[in-house]
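All residue numbers in this chain count up from 1 along the given sequence.
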Amino acid sequence: MIYTTTLMSSRGGLIGSLINKVRQVVAKDWPPSAPSRANDTDHRPLTPPRPLAAASISNTPAVPSKTLEEQVGLPPRPKKPLTPYFRFMREQRPKLKAANPQITTVEVVRQLSKNWSDADAQLKERLQAEFKRDQQIYVEERTKYDATLTEEQRAEIKQLKQDLVDAKERRQLRKRVKELGRPKKPASAFLRFIASERINTPQGDKQTYREWHQKTTAKWTRLSDSEKEVYMQESRKEMELYRKAISVWEEKMIRLGHIDVVRHGNLIDPPEPKPRKTLASKDI
């Protein structure tokens with residue numbers, strides 16, 4: 001059972017990485033060289049076809065994120081060339097989409113993977129030669145690029161990479177905790193007041209949420225202790241129930257072996273904190 005789960009997870013990760021790579025290849029090739037319109041009076045800008053898998057995830061347009069180098073004020077580093085397999089996908093995908101416009105991204109990956117296995121040796125040799133040529137150019141450009149970086153810039157990029165890893169681990173932990181049914185911590189007295197004010201004195205038409213929130217916060221600070229006590233009592237009552245529920249839940253998690261989701265203060269032998277290197281400590 002453990003082996004099956006591991007195999008399925010690795011296979012899913014492989015398919016996901018292939019789909020992401022396909023989207024990158026599609027973005028590079030867009031827009032088409034000779035676009036055609038059914039109606040010449042339609043002057044709306046062309047947009048690349050959006051995969052169905054992506055459309056089901058988010059309705060917001062994709063915004064290209066900055067690279068780590070760009071975040072520290074550097075030009076983007078040279079990009080690695082496409083491998084022969086992804087060059088094959090870039091060439092064959094438009095033909096596959098033209099023959100079957102309704103095909104999904106997952107089906108495209110599966111079909112092109114099969115076509116690649118059946119491709120003749122001469123085609124693979126050509127793509128391999130193109131890859132080696134571009135790889136040599138990439139190595140030279142990357143060597144020149146790395147030579148321009150200072151030690152401070154290298155350290156800052158390394159720190160940003162570690163921040164991304166830490167953020168990913170936190171997201172995975174939050175998702176895991178939610179899936180395991182961790183009791184939700186109740187709102188504080190202040191948040192209860194904010195929620196009540198959204199009903200009693202909602203945001204005005206010409207008022208931004210920031211302005212409304214600042215005004216409501218100021219109103220909270222002017223409340224007397226007796227007026228705040230109403231919200232404090234509700235918060236204390238639910239907090240007591242939460243403490244009991246979280247205690248029962250954490251005992252259950254310990255019995256099931258999910259030690260990573262239990263608060264360290266409730267463990268007999270809490271794990272050692274991860275050492276975190278910062279730029280400031282490095283300078284010392």
Side-chain angles (χ1 to χ4, degrees), residues 3-38 45-58 61-70 74-149 157 161 164 168:
Y3 173 78
T4 305
T5 304
T6 305
L7 181 61
M8 291 178 64
S9 299
S10 61
R11 183 178 180 86
L14 177 61
I15 292 295
S17 62
L18 288 175
I19 292 175
N20 290 334
K21 196 68 176 180
V22 169
R23 290 171 180 164
Q24 294 175 11
V25 173
V26 174
K28 289 181 180 179
D29 293 342
W30 190 265
S33 56
S36 60
R37 297 182 184 272
L46 284 169
T47 55
R50 196 176 190 193
L52 295 179
S56 63
I57 296 175
S58 174
V63 178
S65 58
K66 290 185 177 181
T67 63
L68 298 178
E69 289 76 13
E70 289 177 311
L74 295 171
R77 67 177 181 274
K79 294 183 178 181
K80 293 182 179 180
L82 293 176
T83 62
Y85 173 62
F86 285 107
R87 290 170 186 265
F88 174 80
M89 295 183 71
R90 182 176 60 182
E91 292 181 1
Q92 299 299 319
R93 184 185 181 280
K95 301 176 184 178
L96 188 60
K97 289 288 291 183
N100 187 1
Q102 303 301 323
I103 191 171
T104 65
T105 302
V106 175
E107 292 170 344
V108 166
V109 172
R110 290 173 179 169
Q111 184 60 45
L112 291 179
S113 179
K114 181 179 182 300
N115 294 349
W116 172 255
S117 300
D118 301 335
D120 59 78
Q122 186 176 1
L123 173 61
K124 292 185 177 181
E125 289 176 1
R126 174 178 66 82
L127 296 175
Q128 180 67 22
E130 293 177 359
F131 169 72
K132 288 184 176 180
R133 180 198 61 204
D134 292 346
Q135 178 71 6
Q136 182 62 33
I137 297 174
Y138 163 76
V139 171
E140 295 174 357
E141 292 179 348
R142 184 60 188 269
T143 302
K144 295 179 181 177
Y145 182 88
D146 291 342
T148 62
L149 300 180
I157 292 173
K161 289 181 179 179
L164 291 177
K168 182 178 180 180

- Query: Should Leu68 and Leu164 be marked as a side-chain contact (heavy atoms from CB on, under 4.5 Å) after you check the CA-CA gap, both sets of side-chain angles, and the distance that decides it?
  - Reply: CA-CA 10 Å; Leu68 298 178; Leu164 291 177; 3.7 Å; yes
- Message: Please determine whether side-chain contact (heavy atoms from CB on, under 4.5 Å) holds for the pair Glu107 and Gln111, giving the CA-CA distance in whole Å, both sets of side-chain angles, and the decisive distance to 0.1 Å.
- Response: CA-CA 6 Å; Glu107 292 170 344; Gln111 184 60 45; over 6 Å; no
- Message: Is there a salt bridge (Lys or Arg N to Asp or Glu O under 4.0 Å) between Asp120 and Lys124? Walk through the geometry before answering.
- Response: CA-CA 7 Å; Asp120 59 78; Lys124 292 185 177 181; over 6 Å; no
- Worked verdict on Gln92 versus Asn115 for side-chain contact (heavy atoms from CB on, under 4.5 Å): CA-CA 9 Å; Gln92 299 299 319; Asn115 294 349; 5.7 Å; no
- Task: Please report the C-alpha distance between Arg110 and Val106 in whole Å, then the side-chain angles of each, then the deciding distance to 0.1 Å, and finally whether the side-chain contact (heavy atoms from CB on, under 4.5 Å) criterion is met.
- Result: CA-CA 6 Å; Arg110 290 173 179 169; Val106 175; 3.6 Å; yes
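Note on Glu91 versus Arg87: no salt bridge recorded, every NZ/NE/NH1/NH2 to OD/OE distance being 4.0 Å or above.
Here salt bridge (charged side-chain N to carboxylate O under 4.0 Å, His left out) pairs that include residues 135-144, with residues two or more places apart or in two chains, are Arg142-Asp146. Residue pairs meeting the ring-ring contact (aromatic ring centres under 6.0 Å, His included) criterion with at least one partner in residues 116-146, sequence neighbours excluded, are Tyr85-Trp116, Phe88-Trp116.
Taken to the nearest 0.5 Å, the CZ atom of Arg90 stands 9.0 Å off from the CG atom of Leu127. Atom CG of residue Leu96 and atom CG of residue Leu112 lie 5.5 Å apart, to the nearest 0.5 angstrom. Gln128 contributes atom CD, which lies 11.5 Å from atom CG of Leu123 (distance to the nearest 0.5 angstrom). Separating the OG1 atom in Thr67 from the NZ atom in Lys79 is a distance of 9.0 Å, to the nearest 0.5 Å.
Panel note: side chain Thr143, backbone Val139; a donor-acceptor pair is recorded below 3.5 Å.
Looking at every heavy atom in both residues, Ile157 comes nearest to Glu69 through CD1-CG, 3.9 Å. Here the closest non-hydrogen pair linking Asp134 and Pro81 is CB-CB, 3.6 Å.
Gln135 meets the side chain to side chain donor-acceptor pair (under 3.5 Å) test with no other residue; sequence neighbours excluded.
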